[in-house]
2 protein chains.
Amino acid sequence: MPTVSSEELAAAAGVNSAKLRKDFSYLGSYGTRGVGYDVEYLVYQISRELGLTQDWPVVIVGIGNLGAALANYGGFASRGFRVAALIDADPAMAGKPVAGMPVQHTDDLEKIIEDNGVSIGVIATPAGAAQQVCERLVAAGVTSILNFAPTVLSVPDGVDVRKVDLSIELQILAFHEQRKAGEDLAADDVVPPVAAKQPRKGPDGDVPAVMPA
Amino acid sequence: MPTVSSEELAAAAGVNSAKLRKDFSYLGSYGTRGVGYDVEYLVYQISRELGLTQDWPVVIVGIGNLGAALANYGGFASRGFRVAALIDADPAMAGKPVAGMPVQHTDDLEKIIEDNGVSIGVIATPAGAAQQVCERLVAAGVTSILNFAPTVLSVPDGVDVRKVDLSIELQILAFHEQRKAGEDLAADDVVPPVAAKQPRKGPDGDVPAVMPA
DNA sequence: CCATCTTTGTGCACGCGTTCACAAAGGCAT
DNA sequence: ATGCCTTTGTGAACGCGTGCACAAAGATGG
Ligand SMILES: NC(=O)c1ccc[n+]([C@@H]2O[C@H](COP(=O)([O-])OP(=O)(O)OC[C@H]3O[C@@H](n4cnc5c(N)ncnc54)[C@H](O)[C@@H]3O)[C@@H](O)[C@H]2O)c1
Ligand SMILES: NC(=O)c1ccc[n+]([C@@H]2O[C@H](COP(=O)([O-])OP(=O)(O)OC[C@H]3O[C@@H](n4cnc5c(N)ncnc54)[C@H](O)[C@@H]3O)[C@@H](O)[C@H]2O)c1
């Protein structure tokens with residue numbers, strides 16, 4: 001029976017082995033003292049706890065540059081996600097195949113969500129349409145949203161939103177870049193715990209929506 | 001003179017006003033007691049500290065579905081980023097215009113980086129090519145990398161990497177989704193501080209690279 | 001069956017970030 | 001000029017996650 005110790009896993013993941021063991025203990029994971037964790041059993045347990053054993057239907061709304069790229073991305077299926085539908089407001093796109101699947105019109109959004117039991121929606125529309133699309137998704141039964149539009153969505157309690165803002169990613173890199181360049185000249189300036197490393201999210205989270213676009 | 005109080009900003013950003021004030025104090029930001037912060041001055045100070053007043057040339061390597069979408073994205077320019085070049089290994093793509101800019105071949109990668117003084121690179125190649133591309137970028141002088149390929153890049157000290165893994169974003173949503181569904185049946189199960197909200201990144205950070213794809 | 005060795009599971013302490021709370025500062029009206 | 005009101009800037013307390021350290025558990029070999 002192939003096993004791994006918390007020490008090995010921790011080294012591979014670059015974390016503390018005690019933290020790893022403590023985390024596993026929350027899952028009720030059973031290791032064997034003196035031996036370690038049964039790899040197969042562990043993978044299964046984590047997969048189940050993370051929801052990877054289920055098949056999650058998702059819809060992508062806004063099939064433009066980004067939406068089409070997402071639709072073509074094969075990396076979702078391998079993690080248990082199935083693109084159930086592609087939805088766009090442009091009548092010219094309706095019926096047009098993208099990634100081997102016909103684009104459907106927003107008129108049918110509610111029906112699509114319900115028929116497929118979709119609870120996760122991806123928004124890749126322009127910023128101006130995002131809040132409205134979000135509200136329709138939520139009203140139709142979606143309770144988790146991945147938002148690519150540069151807008152802060154407001155949603156009722158019980159709905160999760162994660163925002164992917166690529167500009168902010170670049171900004172964070174630029175920030176550190178500037179620091180690297182500057183520290184030669186101005187030794188120790190200000191800014192102690194500002195903008196740490198890469199913990200990415202909070203309910204809203206890190207980067208306050210204070211800056212203009 | 002238009003001003004904002006820390007209280008107003010905090011409410012808008014959904015954070016604690018004291019934290020916001022303390023953060024501003026690190027920037028040496030000067031507010032006026034009894035009044036608040038001068039909006040214009042504040043925006044300028046934060047922009048400068050964040051490096052938004054500079055023009056950052058970036059290159060995108062791997063002009064496929066995702067790379068092309070990024071190249072077409074207008075949201076970067078407005079934050080001070082300029083796409084200096086699009087680079088792809090496919091000879092058939094060389095010279096072909098994407099987003100009004102000719103795609104250049106990877107053969108010229110080093111020269112492009114140096115000529116344009118690029119310090120930030122975006123990797124949108126298949127996972128298999130990412131590490132190799134990364135090494136060439138770093139060797140040519142790039143010190144910050146935004147990685148979209150589902151691979152953990154290893155880089156020398158002094159080089160920053162941020163990874164955007166869309167599958168993990170969906171997984172986190174699915175995880176909470178499962179929790180929502182499950183808490184009706186099994187009241188309070190396990191898992192206390194597992195998978196928090198949306199702090200997204202650490203040097204490597206949140207999600208240990210333990211799970212198989 | 002006992003001794004020994006390895007590795008888990010976890011109580012506890014440390015450290016850090018967040019939040020509270022308030023004195024000081026500045027504006028503004030009288 | 002004086003007093004009042006608002007809001008900043010920050011010292012200090014709190015809370016939480018992380019890491020340490022160890023007792024208990026189980027395997028393994030004699
Ligand atoms: N392209 C990128 O790399 C990138 C990067 C970061 C963020 N974004 C953001 O992602 C979003 C999409 O970007 P894009 O480049 O794909 O834009 P795009 O203009 O190419 O595509 C937008 C699509 O949304 C559709 N649409 C508009 N209103 C809609 C509605 N109400 N309902 C349904 N569909 C609607 C349009 O018909 C279009 O097909 C934008 O908000 C953009 O800021 C894009
Ligand atoms: N498309 C998405 O929405 C999406 C989402 C998440 C992650 N990703 C990841 O982003 C990467 C790109 O995805 P895609 O859908 O654009 O793939 P793609 O196959 O459409 O594009 C990849 C491009 O990279 C080029 N390329 C290959 N090897 C190269 C090299 N050594 N140097 C330079 N260019 C090279 C190819 O010629 C191609 O144009 C993949 O790693 C994918 O897993 C994509």
Side-chain angles (χ1 to χ4, degrees), chain A residues 1-46 49 172 175 189-208 210, chain B residues 1-46 49 172 175 189-208 210:
Chain A
M1 182 178 80
T3 60
V4 271
S5 68
S6 60
E7 208 65 60
E8 293 171 297
L9 281 176
V15 298
N16 183 286
S17 65
K19 176 176 177 3
L20 198 146
R21 284 198 299 278
K22 190 163 286 188
D23 282 357
F24 282 2
S25 77
Y26 289 128
L27 304 177
S29 291
Y30 284 30
T32 306
R33 298 179 185 220
V35 177
Y37 298 88
D38 173 33
V39 173
E40 193 181 349
Y41 181 70
L42 184 64
V43 167
Y44 171 72
Q45 286 297 327
I46 296 180
E49 185 66 33
I172 294 171
F175 176 75
D189 214 357
V190 279
V191 189
V194 177
K197 326 171 220 166
Q198 182 161 354
R200 180 178 279 150
K201 299 86 183 224
D204 39 81
D206 321 32
V207 186
V210 180
Chain B
M1 180 179 79
T3 59
V4 272
S5 69
S6 60
E7 208 65 57
E8 292 172 298
L9 281 176
V15 299
N16 184 287
S17 65
K19 176 176 174 8
L20 199 146
R21 284 198 299 277
K22 189 163 285 185
D23 282 358
F24 282 2
S25 77
Y26 289 130
L27 304 177
S29 290
Y30 284 31
T32 307
R33 300 180 183 218
V35 176
Y37 299 88
D38 173 32
V39 173
E40 193 181 350
Y41 182 70
L42 185 64
V43 168
Y44 171 71
Q45 285 299 327
I46 296 179
E49 186 66 32
I172 294 171
F175 175 75
D189 213 0
V190 282
V191 187
V194 176
K197 323 169 227 167
Q198 181 161 354
R200 181 177 279 149
K201 298 85 183 228
D204 40 82
D206 323 32
V207 186
V210 178

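Order of the sequence lines sets the chain letters (A, B, ...), proteins ahead of strands, with each chain counted from 1. Everything quoted here is computed from the prediction, not taken from an experiment.
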Figure out the [atom1]/[atom2] separation between [X] and [N], and round it to whole Å.
{"X": "B/Leu20", "N": "C/dT19", "atom1": "CG", "atom2": "P", "result": "11 Å"}
{"X": "B/Glu8", "N": "D/dT8", "atom1": "CD", "atom2": "C1'", "result": "14 Å"}
{"X": "A/Phe24", "N": "C/dT10", "atom1": "CZ", "atom2": "C1'", "result": "16 Å"}
{"X": "B/Glu7", "N": "D/dC5", "atom1": "CD", "atom2": "P", "result": "19 Å"}
{"X": "A/Asp38", "N": "D/dA27", "atom1": "CG", "atom2": "C1'", "result": "15 Å"}
{"X": "B/Asp23", "N": "C/dG17", "atom1": "CG", "atom2": "P", "result": "11 Å"}

* Asked: At what distance, to the nearest 0.5 angstrom, does NZ of B/Lys22 lie from CG of B/Leu27?
  -> 14.0 Å
* **Distance (rounded to the nearest 0.5 Å) between A/Lys19 NZ and A/Phe24 CZ** => 10.5 Å
* Passes side-chain contact (heavy atoms from CB on, under 4.5 Å), B/Leu42 versus B/Ile46? Steps please. -> CA-CA 6 Å; B/Leu42 185 64; B/Ile46 296 179; 4.0 Å; yes
If the cut-off is 4.0 Å, is [X] near the phosphate of [N], judged by side-chain N/O to OP1 or OP2?
{"X": "A/Ser6", "N": "C/dT7", "result": "no"}
{"X": "A/Tyr37", "N": "D/dG26", "result": "no"}
{"X": "B/Lys19", "N": "C/dT19", "result": "no"}

* Structure fact -> 5' to 3', nucleotides 20-30 of chain C under a 4.0 Å protein heavy-atom cut-off (B base, S sugar-phosphate only, - none) gives BB--BBBS---
* **Distance-minimising heavy-atom pair for B/Ser17 and B/Ser6** => CB-O, 3.8 Å
* To do: Keeping to residues at least two apart or across chains, list the side chain to side chain donor-acceptor pair (under 3.5 Å) pairs with something in residues 34-46 of chain A.
  => A/Tyr41-A/Gln45, A/Gln45-A/Arg48
* Is A/Ser17 touching bases, backbone alone, or none of the nucleic acid, heavy atoms closer than 4.0 Å? -> nothing
* Residues forming a side-chain contact (heavy atoms from CB on, under 4.5 Å) with A/Thr3, sequence neighbours excluded -> A/Met1, A/Val35
